[in-house]
Each structure stands twice: as C-alpha cells, then as structure tokens.
Amino acid sequence: MGAPTLGCSCAVCNSADPHDRRLRPSVLLRWHQPAAVEHAVVIDTGPDFREQALRERLTRVDAVLYTHAHADHILGMDDLRPLSFIAERRGGPIPLYADPEAIKVLEQVFSYTFSPQATYPTRARVQLAPLADRTTVHDVEFVRIPLLHGQLPIVGFRFGNAAYMTDVSAIPEPSFVLIDGVEVLVVSALRHTPHPSHSTLEQSVAWAKRIGARQTWFTHIAHDLGHEETNHSLPENMRLAYDGLSVPVTL
Ligand SMILES: [Zn+2]
Ligand SMILES: [Zn+2]
C-alpha cells in the first residue's frame, strides 16, 4: 500500500524519518558491459515506477521482469512509453518477461497496448515474453525462482550473487537450491501480524538465517514496521530496505 498508508495516522505514517516513506517495491539492476555501455533491467513496474525512474535518472531499460501481476507490481507499465520509444529507435521494443498467468493479466489491464486490435498510435513499444527458467539479458542470467504468494504461484529472481523475492508467503523446497550461496538477499517482510499471502518479519528472518546471505534486506514493508525501531531488533546482517537504497552485487 506504500507508507504513509492512505487514511492512516499511526506513528509510522506520521514519522518524520524519510526511511518511513515507502513507495511500492521495485528493483533496478544496472551494469556496464562494455565499460562505456550501461544496461538496465527493472523488476516490476509498480504505480510509483515513474517517480522511482526519475529519482534514479533512468534513461534506458533493456528488459522488465515481472514477479506477478498484482496492481502494486504492474500499474506503472505504461510509464515505460518514453523509454520504449528510445529502445525502439535503438533496435526494438522492450521485452517484458513474465509467467503466462501474469502475461494474461497484463494483456487485460493494458489491452490498449497489447491487443492485436490496438490502434493507439503512441502505445508503449513493449513485447510480452514468457519467462524461461533462465532468462538472459545482455549476457546476464536471471534465474526464475518459483514462490508462493498465498495460493498464487509467483516468481523471484536470482542474478549473480543476489536474489530478489517479494510478496512471498512460502518458499518451495526446490527453490532453496536455486538461491543457494547468494550473498545479497532481498526478501519481503510485511509486518509482525500474520497475513494470508505475505510472510511476517519473523518468518523472513528465519528464511534469511537458513539462506545465510552475507547481507539480507527486507522489502515490501507495511506501515506497521518503523524503520529505526525495527532495525534495532534485527540481527546484524539484516536490515529493512528503504527507497533509493543501492547495493553492489556481483553478476
Ligand atoms: Zn502481490
Ligand atoms: Zn505486492
């Protein structure tokens, strides 16, 4: 829902700490290969995508990967338009990788973009493509990690020594093999109170301990968790993520 949460006047929603202002979660992975050429992959384009892209001075997107098609992860798709025009001039539409179920939702929500009958001339130059077990974008491999979000099968991603898993309520046993050895882990942790389709902070801490990354960042945080106070309660190598956080990873 983002923090502050609409209609709420709790301590976190009224907090003066900028870390307690949370846009909807998303990840931008940037790398240079060769040195002069920047590549950028975005994981999820939520309703705050435009604001986040402006903050990070995003000028190109090579691909978008979707974890699932809930509103807080897809509604900013249309704001790819100007970047997709740049991509098209450079050679082609921006590929949007997602599981078939998520592709169906994206096609419905953005039918004016994806319908074969779409006539809107300045629609986003984007192309939906099913996620493979391993999807390669400019030589960087993204491993699809099956996860559960309540009853809904969703995916996380491993890239290099890092993994991103948001909106998780359960990690199937085989998926632990796919994230074995990650050094930087980003995993969602909604709040302390149980939720039918999100892990609690306690559950995510337990996963983080089992996975054993050098550093774990919690994301998709509800307004129940204040930044400072929660961080004080966490093990030394685990922290709440915050908007604009930048973490080096090895690809
Ligand atoms: Zn969700
Ligand atoms: Zn979500």
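Read the numbers this way: they start at 1 and go in the same order the structure lists the ligands and their atoms.
Other members of the cluster containing Trp217 are Val27, Leu29, Trp31, Val41, Ile43, Leu65, Tyr97, Leu131, Val137, Val140, Phe142, Val155, Phe157, Phe159, Tyr164, Val184, Val186, Tyr242, Leu245, Val247, Val249, Leu251, with ILVMFWY side chains joined at under 4.5 Å, either directly or via other members.
Remark: Gln127 CD is loosely packed, at most 12 non-hydrogen atoms of other residues, nucleotides or ligands lying under 6.0 Å away.
For the pair ND1 of His70 and NE2 of His149, the angle at the Zn ion (ligand 1) is about 90°; rounding is to 10 degrees. Rounding to 10 degrees gives 90° for the angle at the Zn ion (ligand 2) between NE2 of His220 and OD2 of Asp72. Rounding to 10 degrees, one finds that the Zn ion (ligand 1) sits at the corner of an angle of 90° between Asp167 OD2 and His68 NE2.
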Q: Carefully, step by step, assess His19 and Asp17 under the rule side chain to side chain donor-acceptor pair (under 3.5 Å).
A: CA-CA 5 Å; His19 296 105; Asp17 181 351; 2.8 Å; yes
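Relative orientation of the His68 and His73 rings is tilted, given thresholds of 30° and 60° on the angle between their planes.
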